[in-house]
Every structure is written in C-alpha cells, then in structure tokens.
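Heads up: the structure comes next, in structure tokens.
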Amino acid sequence: MASTTQNSALRGLHEALQAIVDELARAGDAAGTPRVELERPRDEAHGDFATNAALMLAPVVRRNPREVAQEIAERAGALPGVTSVDVAGPGFINLTMGDDWFLETVEAALDAGDRFGADVVANAAPILLEFVSANPTGPLVAASARHAAYGDALARILRHAGHDVTTEFYVNDAGRQVDLFGASILARATGSDVPEDGYQGDYVTELAAELGVAAGDDPVELGQRGVAAMIAGMRTSLEQLGIRFDTFFSEKSLHESGAVDRGIEHVAAAGYTDDEDGAVILRTTTWGDDRDRAIRRANGVPTYFAADIAYLEDKFSRVGAGGHLIYVLGADHHGYIARLKGASQALGHEVDTPEIVIMQMVTLSESGEQKKMSKRRGDFVTAAELVDRIGADATRFWMLERSHDQQLEIDLDAASAQGDENPVYYVQMMHARLCSIRRNVEAAGLADGDASAANEPLHASEKRVIKRLSELPIVVADAAERRVPHRVHHYARELATDVSKFYRDCRVMGDGIDPAITARRLRTADAARSVLALALSLVGVSAPEAMERREVEGGEADA
RNA sequence: GCGCCCGUAGCUCAGCUGGAUAGAGCACCAGGCUUCGAACCUGGGGGUCGGAGGUUCGAAUCCUUCCGGGCGUACCA
C-alpha cells in the first residue's frame with residue numbers, strides 16, 4: 001500500500017472529500033457516486049483549495065446544490081488541516097488550510113524525496129511501450145525527436161506512477177524498402193542513377209563511402225549493412241537525448257522465425273480470412289476498418305501488415321496476461337488504428353488493447369520561415385543537428401511543450417536563445433538558485449536551526465509554493481493515466497514561477513532574519529528544489545546545481 | 001468522396017472526462033538591481049475561444065452542421 005507520505009497531504013484531503021461524497025451519495029440513494037475534483041481556485045481570496053463536489057453530487061441525489069454543499073462543508077470543516085470552509089457561488093466549497101498543514105506537506109515531500117508522488121496508480125499493470133520505430137533507411141530526423149521525447153517521458157512517468165514499463169523500438173529491417181535502400185547505396189557508390197522511389201539524400205553517398213562499397217556488391221546485403229549503420233546512428237542520436245531503449249525488435253526476425261506465417265495461420269484458423277485470387281485477406285472491416293487488408297499476396301509473400309500481426313502476438317506473449325500495450329504512432333499512421341485493433345481481436349484479444357497514441361506533426365521554423373522536410377529528397381533536419389543546435393535539454397523541453405495531439409512548431413531562434421525566449425533555462429535557473437540558497441545558508445552555519453521555533457505565519461508566497469508541491473502526485477497520476485507528459489512540463493514551469501515569487505518575498509537568510517525563519521524557509525526551499533528536480537527528471541531534463549553566470553549585455557549602462 | 005486530428009491574444013499554444021471574471025510564454029508599452037543568482041520581478045494594452053444552431057442552472061469544453069488547415073485513404077514499407 002502506498003504511504004500517505006508519498007501521496008502528499010493533498011491527496012489525503014482529496015480522498016477524504018471523496019469519502020464524504022460517497023457516503024452522502026449512498027445515503028441519498030444515488031445510482032452512482034461522482035468523481036469529485038479538488039482544484040486551486042483562480043482567486044486566492046477563495047481559499048487554498050476548492051471542490052465542485054456539491055455540484056457533482058446534487059444532480060445524482062436530486063437535491064439543491066447549495067444545500068448539498070452546506071452538508072459537505074460541515075463535514076469537510078472537521079478534516080485535519082482544514083481551518084475554514086465556505087460555500088460560494090452555485091455551490092463551490094472553498095477550503096482554507098492551516099500553517100501546520102503546509103509544514104507537514106513540506107516534510108512529506110522531503111521525506112519522500114525522488115519517490116514523491118510515486119506509485120500513485122491503483123492498477124499497476126506491466127506496459128510494453130513502443131515508440132519512435134523510425135524507418136532505418138535514413139538518420140533519425142528532428143520529427144522523430146518529438147516521438148522520442150514524448151515516449152521516454154511517458155515511460156519515466158508511468159514508471160514513477162508504479163508501472164513496470166518496457167520501452168521498445170521496432171526496426172523495419174525487412175521488405176522491399178531495405179532492398180531499395182541497398183540499391184540506392186550501390187547506385188551512389190558507382191555513380192549510376194538512384195532507382196525510382198529510391199533514397200536520394202547526401203547521407204546515402206556518405207554511407208556508401210563509409211561502407212566501402214564496390215561495384216559488384218550485392219544490393220540486398222548492402223541494404224542490411226546500411227540498416228545496421230543507420231540503427232547504430234539512431235542509437236547515438238537517442239543517447240545524445242538521454243534516451244536508451246530496453247529493446248530494439250527486428251521485423252526480420254519475425255519472418256525468419258516463422259512467426260509471420262504462424263500469425264497468418266492463426267487468424268485464418270479463427271475464420272477471419274478470405275481467399276481472393278490466391279491472396280489472403282483479413283476481414284478487418286469486421287472491427288470497423290474501412291476496408292479489408294491483404295496479409296499474404298497472391299505470390300505468397302506476406303505483407304507488412306502480416307508482420308504487424310506477428311509482432312502484436314509476440315508483444316502480447318511478452319507482456320503477459322493483464323499486461324498492456326501502447327503504440328505511439330505518427331499522425332500519418334492514424335489509418336493503422338482500425339486494422340491494428342482488428343488484428344488484435346482476430347488474435348482473440350480484448351477490444352481496448354492495444355492502446356494507440358497518435359502524435360501530431362512537428363515542424364521547425366527559423367527566421368519566420370518553415371523548414372521543409374522530405375526524407376526521400378534527403379532534405380531534412382536530423383535529430384542530431386537539432387541537438388547540436390539547441391542542446392539536449394532544450395530539445396526535450398520544447399518537444400514536450402505541447403500536447404501530443406497538437407501540431408507543434410518549434411522556433412529555432414527562440415529554442416537556441418540563451419535568454420528570456422527560452423523557458424527551459426528559466427526552470428533550470430530556479431533550481432540552481434535554490435541550490436545556491438542552501439549553499440549560502442550552510443556557509444553561514446545556519447542550516448541546522450530549529451524551524452519549529454518560527455513564530456510568524458507563513459507568507460502567502462511560501463504557501464503558494466507549498467500548494468504547488470502538494471499537487472505533484474496528482475499531476476503525475478493524471479499525466480500517467482491520460483498519457484500526457486506535457487502536463488509535467490507545465491507543472492515544472494508553474495512551480496518555477498512560484499519559486500521565483502517565494503525568492504522575491506521570502507528571503508531565507510540575512511540581517512534581521514530570525515534563525516528559526518531561516519530554518520523553516522530552508523525546508524521549503526529544499527522541498528521545492530527536490531520536487532523541481534523530480535519534475536524535470538520525469539520529462540528527461542537535467543536539473544543543474546549551478547548555471548554559468550550570464551554577462552550583462554552591452555555594458556554601456558554605466559557610461 | 002470517405003476517415004482521423006486541429007482551429008483559443010500579434011506569434012507559439014495551455015485549459016477540453018461541463019463549473020466562479022478564459023490563462024501562460026514570447027512580442028509590445030511603462031517601471032524596478034547597495035543584501036540569498038536580474039537567465040529575474042511589477043504594472044499595462046491586446047479575445048465575438050473559426051461561424052451558426054442545440055443540450056444544460058451553467059459550454060472554450062458535449063451534440064449537429066458549415067467554413068478553414070494538416071494528415072491518411074496499397075497484394076508499399
């Protein structure tokens with residue numbers, strides 16, 4: 001059982017409110033019980049937290065919302081940490097918390113350390129998470145960096161939330177495209193024309209030189225060697241981003257092991273296929289696909305989709321009963337959803353698995369102009385170039401700035417800037433500043449003061465930081481359940497902003513500051529530092545203890 | 001044609017499992033450094049949440065429809 005320490009005082013409050021509502025729902029003979037929300041009111045005058053519990057419950061028990069609110073409020077007022085409750089508007093319940101509650105929250109965050117908000121999911125099923133899976137016929141492109149940043153952050157968040165996660169990269173090292181790649185390499189090496197639909201980029205020429213290609217080489221074998229080289233390069237690019245996959249899964253291995261043939265037999269034996277002029281067709285329209293799909297051609301060769309079926313079956317066997325599959329696919333793959341889910345059911349699995357997340361496109365712009373990207377023409381920005389230009393932390397931070405179902409445009413001018421335009425440095429700076437405060441307090445020998453002797457109320461800015469800290473477990477749970485790592489990115493920025501205000505209003509040490517206040521504020525600063533570092537780590541961004549001092553621009557200010 | 005995603009401030013976008021006066025960053029204007037890091041902070045201007053209907057006590061959020069943009073629609077991989 002997860003301890004309340006890890007789950008924070010806020011989660012405890014949330015659960016207590018839910019319990020009150022559950023009870024009133026039962027008492028009111030309601031069919032179900034609504035899920036109540038606990039949120040931060042926009043206006044701080046409304047209290048520290050607010051809940052829509054009464055507004056949710058009222059319709060279920062067919063009573064007046066304000067009346068229900070009054071009833072909930074009476075009970076909520078008795079909850080630990082709550083100092084006052086009031087009912088406002090149509091039936092909002094506003095809660096104000098006492099200083100003790102805030103101080104406990106700080107201690108809870110410090111006790112939990114990097115396990116704060118961990119193990120928050122109820123059903124921690126094992127998850128096999130596949131992402132990137134870029135075609136190995138070229139280098140990793142900048143767009144793939146979005147998939148990489150998203151998938152890796154999601155894996156980190158899911159693990160923190162309690163899931164056992166395996167990350168996987170599916171390598172399309174089989175089929176016609178690999179042969180075509182080999183033929184393109186050979187053509188580049190020998191100076192002949194690249195085949196139609198072949199790969200044109202300069203990287204192919206470079207690769208040919210690297211591989212020491214000679215005129216008589218076998219294009220098929222060259223294709224395999226080329227793929228191996230591209231995968232090695234992708235691994236390097238991913239590692240520059242701090243991303244390491246648990247497994248690279250070879251499509252070719254499915255063909256070689258006979259798994260593809262077995263998959264075809266499996267769905268055929270289940271009675272879901274038709275023979276069409278010698279080809280084997282899977283009736284995916286049974287499950288909502290807009291057309292049936294060939295899995296074996298008339299010439300006997302299995303299609304790409306047949307390998308997908310075998311891969312799906314292999315994944316199911318590895319993740320085990322109760323396990324869960326997540327595919328992260330590009331927007332240009334949305335047509336796969338129906339057929340993949342169809343294949344899953346043809347194999348006898350449940351409807352809602354595998355889960356497919358569609359990532360929208362990302363584009364890069366510079367000087368107000370969008371950069372074109374075409375892999376065939378070889379005209380693209382690689383992930384490695386992007387990282388060289390703006391750095392790994394900025395790449396990951398920017399790639400996670402937006403929801404995955406939103407198209408994203410990254411302005412390279414802003415992303416490579418060292419100043420205000422670049423929020424990643426703002427967040428890191430706040431972390432460095434908190435580290436600096438601790439260093440200063442330690443140097444002054446004030447780090448071990450008695451915080452409990454502090455006898456003035458907490459400043460609003462200090463309370464605001466602590467409220468934000470208390471929300472991390474909820475943010476993690478939400479980001480994990482809804483597969484939205486950008487929530488954690490935004491959380492980190494909000495926390496950084498709160499830290500900045502705390503820094504402004506609550507000097508930790510200095511002349512005239514009571515040592516007890518110094519001790520208490522240092523606890524808050526330490527907790528904020530710990531949670532900020534944790535949030536950054538969940539999105540794969542580093543939390544430096546110090547940053548290079550930035551020189552004053554120009555210098556003519558004094559002139 | 002059909003299918004999926006999107007349309008919120010000048011720009012890039014949060015908010016979308018319905019709730020209080022629609023937010024952030026950037027850009028713009030005006031201020032602020034003798035003390036823990038100014039990569040910062042304070043204030044200001046800027047919105048028919050693409051349009052129109054509907055459901056609801058309440059809609060940026062749900063439904064219908066139209067308009068606009070992206071992507072897809074292979075016995076390619």
Side-chain angles (χ1 to χ4, degrees), chain A residues 35 37 39 41-43 46 50 52 55-56 58-59 65 88-92 94 135 137 172 174-178 180 197 251 276-281 289-291 293-305 307-308 330-338 358-361 363 365 368 398 401-403 405-411 414 417-430 432-441 443-444 482 486-487 489-490 493-494 497 500-501 503-513 518 521-522 525 546-550 552:
Chain A
R35 206 164 124 189
E37 283 161 33
E39 57 190 20
R42 204 162 275 125
D43 187 346
H46 289 153
N52 61 354
L55 292 164
M56 300 293 281
F92 287 100
N94 297 320
N135 263 326
T137 51
N172 298 127
R176 199 178 72 96
Q177 64 165 2
V178 177
L180 200 54
D197 299 331
E251 178 191 353
E276 213 174 282
D277 304 325
V280 182
I281 311 290
D289 198 359
D290 47 14
R291 58 177 298 162
R293 306 285 170 177
I295 54 177
R296 192 189 291 285
R297 301 182 182 85
N299 64 10
V301 178
T303 63
Y304 180 82
F305 183 43
D308 271 344
D332 54 343
H333 284 62
H334 68 254
Y336 286 32
I337 298 175
I358 294 295
M359 289 272 294
Q360 290 301 315
M361 317 235 115
T363 52
S365 68
W398 281 82
E401 193 182 12
R402 307 305 180 195
S403 168
D405 57 17
Q406 188 80 9
Q407 291 178 25
L408 171 67
E409 181 178 327
I410 293 183
D411 177 351
Q418 299 289 306
D420 301 345
E421 308 95 312
N422 209 341
V424 64
Y425 298 119
Y426 176 77
V427 179
Q428 291 184 322
M429 183 64 211
M430 290 309 151
R433 190 180 266 179
L434 291 166
C435 292
S436 173
I437 288 174
R438 167 153 274 281
R439 285 192 296 269
N440 293 333
V441 174
R482 290 170 52 206
H486 77 284
R487 277 270 284 151
H489 166 121
H490 286 281
R493 288 175 73 163
E494 286 160 357
T497 301
S500 180
K501 312 286 166 69
Y503 172 82
R504 181 195 65 202
D505 296 330
C506 305
R507 169 166 274 273
V508 175
M509 59 166 271
D511 292 343
I513 295 174
T518 293
R521 288 180 178 166
L522 183 61
M547 295 183 77
E548 233 171 84
R549 290 196 186 254
R550 194 168 169 237
V552 180

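Lettering of chains follows the sequences in order, A, B, ..., and the numbering in each one begins at 1. If you're wondering where the values come from, they're calculated on a predicted model, not measured in any experiment.
Proximity note for A:D43 (side chain, C-beta onward) versus B:A14, B:U21, B:G72: the nearest is B:U21. When distances are taken from the side chain of A:N440 to each of B:A39, B:C36, B:C5, the shortest belongs to B:C36. With B:G37, B:C40, B:C75 as the choices, the nucleotide that has an atom nearest any side-chain atom of A:A546 turns out to be B:G37. Comparing atom distances between the A:H46 side chain and each of B:A20, B:A27, B:U42 picks out B:A20 as nearest. With B:A20, B:G37, B:C75 as the choices, the nucleotide that has an atom nearest any side-chain atom of A:R433 turns out to be B:G37. Closest to the side chain of A:R482, from the set B:U17, B:G37, B:C76, is B:U17. When the nucleotides B:C40, B:C75, B:A20 are ranked by their closest atom to the side chain of A:A294, B:C75 comes out on top. Closest approach to the A:R507 side chain among B:U35, B:C4, B:A14 is made by B:U35 (side chain taken as heavy atoms from C-beta onward). Between B:A39, B:A20, B:A14, one nucleotide has an atom nearer to the side chain of A:P41 than all others, and that is B:A20. Nearest to the side chain of A:S500, among B:G37, B:C41, B:C75, sits B:C41.
Looking at heavy-atom distances under 4.0 Å, A:R493 makes contact with sugar-phosphate atoms alone, never a base. Residue A:A279 is classed as a base contact, given a heavy-atom separation below 4.0 Å to a base. Residue A:Q406 is classed as a sugar-phosphate contact, given heavy-atom separations below 4.0 Å to backbone atoms only. Using a 4.0 Å heavy-atom cutoff across all strands shown, A:D332 reaches sugar-phosphate atoms only and no base atom. In this structure, A:L408 reaches the sugar-phosphate backbone alone: every heavy-atom distance under 4.0 Å involves primed, P, OP1 or OP2 atoms, never a base. Counting non-hydrogen atoms under 4.0 angstrom, A:G175 reaches the backbone sugars and phosphates but no base. Nucleic acid contact class of A:E548 (heavy atoms, under 4.0 Å, all strands): base. Residue A:H486 is in sugar-phosphate contact alone, with no base atom involved, counting any heavy-atom pair closer than 4.0 Å across all strands shown. Using a 4.0 Å heavy-atom distance criterion, A:N52 is classed as making no nucleic acid contact. No contact: A:A444 has no heavy atom under 4.0 Å from any strand. Counting any heavy atom pair closer than 4.0 Å across all strands shown, A:D505 reaches no nucleic acid atom.
Using a 3.5 Å distance cut-off with no hydrogens or angles, the side chains of A:N422 and A:W398 do pair a donor with an acceptor. A side-chain N or O of A:N135 and one of A:Q177 form a donor-acceptor pair less than 3.5 Å apart.
Here B:G25 sits opposite B:C11 as a Watson-Crick or G-U wobble pair (both hydrogen-bonding atom distances under 3.5 Å). B:U17 makes up no base pair with any nucleotide shown, lacking Watson-Crick or G-U wobble contacts both under 3.5 Å.
Atom CD1 of A:I513 sits about 6.5 Å away from atom CZ of A:R521, to the nearest 0.5 Å.
Whole-Å rounding puts the A:E409 CD to B:G69 C1' distance at 13 Å.
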